[in-house]
Amino acid sequence: MPELPEVETVVRGLRATLPGRRILAVRLGKTDFIDDPAALGERLPGRRIAAVERIGKFIRVELAPENGVAHPLFAAGCKYSPHPSQSSAHEPPEGVDGCLHLLVHLGMTGRLAVRGPHEPVVPHTHGFFELDDGNELRYTDIRRFGRILLVSAAALPEFQSRLGDDALFISVAAFRRQLAGRRARIKALLLDQKSVRGMGNIYADESLWRARIHPERLASRLSAQEIARLHQAIRHVLRAAIKLGGSSISDFLDAEGKPGSYQMRHRAYGREGKKCSRCGSLIRRIIVAGRSSHFCPRCQPRPRRNRPAPRHRRAPSRGAPARGARR
DNA sequence: CGTTGAACCTGTTTGC
DNA sequence: TGCAAACAGGTTCAAC
């Protein structure tokens with residue numbers, strides 16, 4: 001259920017109640033989706049929640065140091081930067097306490113919400129974080145495709161660097177660079193979080209429909225105009241979805257337990273056999289990149305195949321070895 | 001580089 | 001009715 005708009009919706013909801021709260025205790029059910037379950041119980045209690053943000057589809061809960069005061073090394077918020085004189089140091093000195101980041105990925109069926117301690121526990125709730133106001137933050141995940149991990153302030157940049165720019169904020173130029181020279185299908189790249197972070201199956205299909213681009217088109221063959229159109233479509237679709245609280249297909253609920261309504265605006269996703277709202281043709285469903293892909297066969301024409309391979313090479317990324325410079 | 005299929009896990013819907 | 005297959009908002013990995 002959770003793609004960028006749904007995660008953003010959850011984050012905004014949590015932001016209304018979590019910042020300032022202190023975590024008193026942690027209780028866990030099944031832990032096979034948690035990177036280091038023991039660390040949660042050992043390191044979270046006593047910490048105060050400083051912020052709730054979104055990193056692609058991850059929810060980032062920033063936890064201030066235990067004593068509530070950042071060590072001088074972390075004076076600049078929670079960002080640790082080694083002193084110039086000790087540039088070899090990439091980790092804070094042993095024993096020095098910095099911010100911690102609790103990262104939560106909702107997978108397909110994850111939910112994160114603040115509940116009263118006596119509210120009934122819905123099945124498949126595997127994480128309970130007791131707060132100092134008497135409530136608790138609960139993590140529920142039927143399929144347990146989600147993920148919870150703890151990352152130090154020093155390790156956060158490295159974690160982020162493994163993801164592309166946020167789908168909501170990426171510039172056209174960066175988006176174009178990301179697609180340049182890629183022979184992969186555009187749908188596959190939209191789903192690849194290393195390319196652009198935040199898109200999932202629903203919004204990839206919706207954006208492609210809006211931009212009138214077939215999901216199987218090769219990224220390298222998109223015209224500059226098409227790329228600009230797609231970039232624009234992505235922004236439009238994501239913003240509209242956030243405004244409506246995301247899409248609730250069967251069970252997505254925000255932090256307060258309310259469903260989103262963007263599913264009413266879907267033009268392609270989940271509409272196989274229904275009329276395209278733009279041209280009246282019937283929406284079709286095919287499998288692309290292993291996922292159901294919905295599109296209008298008339299508005300989003302099939303790519304012509306058997307054309308000569310693209311002759312342009314991918315621009316080398318900065319810092320990468322020059323072409324042909326293997327060793 | 002890219003693609004495909006399977007795996008992870010549980011529940012719901014669809015088809016015969 | 002019943003049981004099996006297909007399918008589900010995500011990610012990762014092996015094999016080709």
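Since this is a predicted model, take the numbers as computed values, not measurements. Residue numbering restarts at 1 for every chain, and letters A, B, ... go by the order of the sequence lines.
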Review point. Under 4.0 Å between a Lys/Arg side-chain N and an Asp/Glu carboxylate O for A:Asp166 and A:Arg54?
Key: yes
**Study point:** Atom pair distance, as rounded to whole Å: CG in A:Leu191 and C1' in C:dT12
**Key:** 14 Å
Practice item. Taking only the side-chain heavy atoms of A:Ser247 (C-beta and beyond), determine which of C:dG10, C:dG9, B:dG2 contains the nearest atom. Key: C:dG9
Point to revise | Strand-adjacent residues in residues 290-297 of chain A, judged by heavy atoms under 4.0 Å from DNA chain C | key: A:Arg291, A:Ser292
Review point. Taking NZ, NE, NH1 and NH2 as the nitrogens, is one of them in A:Arg27 or A:Glu130 under 4.0 Å from a carboxylate oxygen of the other?
Key: yes
Point to revise | Between C:dG9 (P) and A:Leu4 (CG): distance, integer Å | key: 17 Å
Exercise for review: Determine which nucleotide pairs with B:dC9, using a 3.5 Å limit on both distances of a Watson-Crick or G-U wobble pair.
Suggested key: none
Review point. Is the A:Phe58 ring parallel, tilted or perpendicular to the A:Phe159 ring (thresholds 30°, 60°)?
Key: perpendicular
Revision key, fill the gap. A:Leu106 and A:Pro2 have their tightest heavy-atom pair at CB-CG, 3.3 Å
Check your understanding: Rounding to a whole Å, what distance do you find between A:Leu189:CG and B:dT3:C1'?
Key -> 12 Å
Check your understanding: If only side-chain N and O atoms of A:Gln193 are considered, is one of them under 4.0 Å from the OP1 or OP2 phosphate oxygen of C:dT11?
Key -> yes
**Study point:** Rounded distance in Å between the P positions of B:dC1 and C:dG10
**Key:** 24 Å
Practice item. Could you encode protein contacts along nucleotides 6-11 of chain B as a string, one character per nucleotide from 5' to 3', using B for base contact, S for sugar-phosphate-only contact and - for no contact, with a heavy-atom cut-off of under 4.0 Å? Key: --BBBS
Check your understanding: To the nearest Å, how far apart are A:Arg111 CZ and C:dA8 P?
Key -> 19 Å
Point to revise | Length of the line joining A:Ile286:CD1 and B:dT4:P, which is rounded to integer Å | key: 11 Å
Practice item. Answer yes or no: is there an ion pair linking A:Arg217 with A:Glu226, defined by an N-O contact shorter than 4.0 Å? Key: yes
Check your understanding: If only side-chain N and O atoms of A:His105 are considered, is one of them under 4.0 Å from the OP1 or OP2 phosphate oxygen of C:dT11?
Key -> yes
Study note, to complete from the structure: From the list A:Tyr203, A:Tyr269, A:Tyr262, side-chain hydrogen bond (donor to acceptor under 3.5 Å, both in side chains) partner of A:Ser247 resolves to A:Tyr203
Review point. When rounded to the nearest Å, what value does the distance between P atoms of C:dA5 and B:dA6 take?
Key: 14 Å
Practice item. Salt-bridge test for A:Asp192 and A:Lys194: reply yes if a basic N is under 4.0 Å from a carboxylate O, no otherwise. Key: yes
Check your understanding: Roughly how many Å is it from CD1 in A:Ile287 to P in B:dT3, rounded to a whole number?
Key -> 15 Å
Practice item. Between B:dG5 and C:dA6, how far apart are the P atoms? Round to whole Å, please. Key: 13 Å
**Study point:** Under 3.5 Å donor-acceptor, A:Glu3 side chain and A:Ile202 backbone
**Key:** yes
Study note, to complete from the structure: Taken to the nearest whole Å, CZ/A:Arg217 to C1'/B:dG2 is 18 Å
Point to revise | A:Tyr203 side chain near C:dG9 phosphate (N/O to OP1/OP2, under 4.0 Å) | key: no
Exercise for review: Starting at atom CD1 of A:Ile249, determine the distance to atom C1' of C:dG9, rounded to an integer number of angstrom.
Suggested key: 7 Å
Point to revise | Pairwise P distance for B:dT14 and C:dG9, with rounding to whole Å | key: 15 Å
Review point. Salt bridge check: are A:Glu158 and A:Arg162 linked by an N-O gap of less than 4.0 Å?
Key: yes
Exercise for review: Examine the side chains of A:Arg267 and A:Ser277 and answer whether a donor and an acceptor come within less than 3.5 Å of each other.
Suggested key: yes
